[in-house]
Amino acid sequence: MPETTPTTMHVKLKIKRFDPAEAGGKTWWQEYEVDVHPDSTVLDSLIEVREQNDGTLALRCACRASICGSCGMKVNGSAKLVCKTRVVDVAPNGEQLTIEPMGNQHVVKDLVISLDSFFSQINRVEPFLQPSFVPEQGEYTASNDSMENLLTSMNCIMCGCCVSDCTVLEVDANFIGPAALAKAWRFTEDPRDSKRDERLKNLNDEDGGMWDCTRCMKCVEVCPKGVAPMDRIMELREAAIEAGNTNTSGYRHTESFYNSVKKNGRLDETRLAIDSAGWTNIPRLLDLAPIGIAAMRKGKLPPLMPHKSEDHKKVKDLYKSVEDEA
Ligand code: SF4
Ligand code: FES
């Protein structure tokens with residue numbers, strides 16, 4: 001008997017629902033099962049649910065081709081464009097899929113989030129070109145190389161997936177966020193923009209700016225367009241330092257980390273905390289005191305005098321070879 005290719009695939013979905021019309025807003029989980037074509041995406045399955053099972057399910061999509069950025073949702077806990085996510089790739093053995101609205105953004109209904117906070121973050125970086133002059137005739141052109149350099153960031157489709165899974169935004173709503181910083185990088189790197197220094201200074205000084213990223217890599221992992229926001233943030237930091245913006249706890253933290261490992265072959269955590277706060281920043285140092293006391297009580301206070309690692313000479317040699325190459 002010749003093998004026949006299955007014409008449908010059974011998909012099990014567990015969807016987080018939210019109804020704002022109920023007093024205080026009602027949240028609940030609802031399970032659905034649908035049959036779809038074997039090549040279907042998660043979005044196809046959700047549309048099938050809405051069309052065949054439950055017309056009250058709210059979701060947002062437009063292009064269905066990973067272009068418009070409107071179908072971001074959490075699939076099994078991670079933000080994805082559901083129009084780009086095939087069911088067989090996330091549930092190869094027919095496992096139940098968990099679908100939730102994206103994180104760190106206000107939920108309007110079911111799987112639809114408001115993009116207000118996302119665009120407020122983007123607007124904080126003045127996301128438009130500010131040239132020093134406008135040519136009287138023709139266009140202000142830039143070299144191909146300089147434009148190619150911008151491609152990573154220009155690929156952003158404003159889907160909000162990086163913001164959804166940002167672990168800093170989860171605890172600090174004031175953080176400007178990965179998408180806005182990647183957008184800022186795009187203008188600091190554009191040779192036609194005249195506000196580079198100002199942009200770098202603002203993002204360096206700003207509370208919630210470039211130094212608040214903890215380099216967890218989640219934004220790189222979930223970005224569907226290869227923008228790699230964290231890499232752009234690291235480049236912004238380097239550019240800010242090169243431009244002389246060094247009076248921040250972020251810069252002092254980086255410098256202290258670098259010097260302490262270079263000197264001792266391991267991190268001197270006590271010094272790191274004090275250097276990052278700034279030796280003359282008495283209010284910040286006083287803030288740290290209770291943390292130090294709590295750590296001492298639990299026997300977790302790092303030694304006041306750093307121990308040198310046995311291999312510290314090897315570490316020093318490594319530093320030297322890297323510094324010589326730079
Ligand atoms: Fe989406 Fe990537 Fe742009 Fe973030 S950087 S909004 S994940 S395309
Ligand atoms: Fe446009 Fe998914 S529907 S990106």
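Counting convention: from 1, in listed order, for ligands and their atoms alike. Computed from a predicted structure; not experimentally measured.
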Under a 4.0 angstrom heavy-atom cut-off, which atoms of ligand 2 come close to C71? 2 (Fe), 3 (S), 4 (S)

Verify the neighbour count for atom NZ of K313: are there more than 12 heavy atoms of other residues, nucleotides or ligands below 6.0 Å? no

Please tell me if the side chains of L181 and Q121 come closer than 4.5 Å, counting only heavy atoms from C-beta onward. no

Assess whether side-chain hydrogen bond (donor to acceptor under 3.5 Å, both in side chains) is satisfied between R17 and T56, documenting all intermediate values. CA-CA 10 Å; R17 307 286 310 267; T56 67; 3.0 Å; yes

Could you tell me whether atom 4 (Fe) of ligand 1 has an N, O or S atom of C223 under 2.8 Å away? no

Among all protein non-hydrogen atoms, which one is nearest to atom 8 (S) of ligand 1, and what is the separation to 0.1 Å? I157 N, 3.5 Å

Which ligand 2 atoms does C83 reach within 4.0 Å, using its non-hydrogen atoms? 2 (Fe), 3 (S), 4 (S)

Going by the 4.0 angstrom heavy-atom rule, the piece of C162 near ligand 1 is both

Could you list the atoms of ligand 1 found under 4.0 angstrom from a heavy atom of G160? 1 (Fe), 6 (S)

Checking P178, C159, P229 against C223 for side-chain contact (heavy atoms from CB on, under 4.5 Å), the one that qualifies is P229

Considering only heavy atoms from C-beta outward, does the side chain of H307 approach that of N264 to under 4.5 Å? no

In ligand 1, which numbered atoms sit nearer than 4.0 Å to a non-hydrogen atom of P229? 5 (S)

contact_flag P224 ligand 1 heavy-atom lt 4.0 Å: yes

Sidechain N-carboxylate O distance under 4.0 Å for K201, D205: yes

For atom 1 (Fe) of ligand 1, the closest protein heavy atom turns out to be C159 SG, 2.3 Å

How far is atom 4 (S) of ligand 2 from the closest protein heavy atom, and which atom is that? G69 N, 3.2 Å

Short list, please: which atoms of ligand 2 are under 4.0 Å from a heavy atom of A62? 3 (S)

Give the residue, atom name and distance (to 0.1 Å) of the protein heavy atom nearest atom 3 (Fe) of ligand 1. C156 SG, 2.4 Å

Which of the numbered atoms in ligand 2 are below 4.0 angstrom from a heavy atom of S66? 4 (S)

Any non-hydrogen side-chain atom of N104 less than 4.5 Å from a side-chain atom of S164? no

Can you check whether R271 reaches S260 side chain to side chain, under 4.5 Å on heavy atoms? no

Is the number of heavy atoms from other residues, nucleotides or ligands within 6.0 Å of CZ (F119) greater than 12? yes

Vertex atom 1 (Fe) of ligand 2, arms to C63 SG and C68 SG, rounded to 10°: 100°

Quick one: does ligand 2 sit under 4.0 Å from the side chain of I67, the backbone, both or neither, non-hydrogen atoms only? backbone

Short N-O contact, K262 and E323, less than 4.0 angstrom: yes

Should A182 be listed as contacting ligand 1, given a heavy-atom distance under 4.0 Å as the test? no

Salt bridge check: are K263 and D268 linked by an N-O gap of less than 4.0 Å? no

Could you identify the single nearest non-hydrogen protein atom to atom 3 (S) of ligand 2 and state the distance to 0.1 Å? R64 N, 3.2 Å

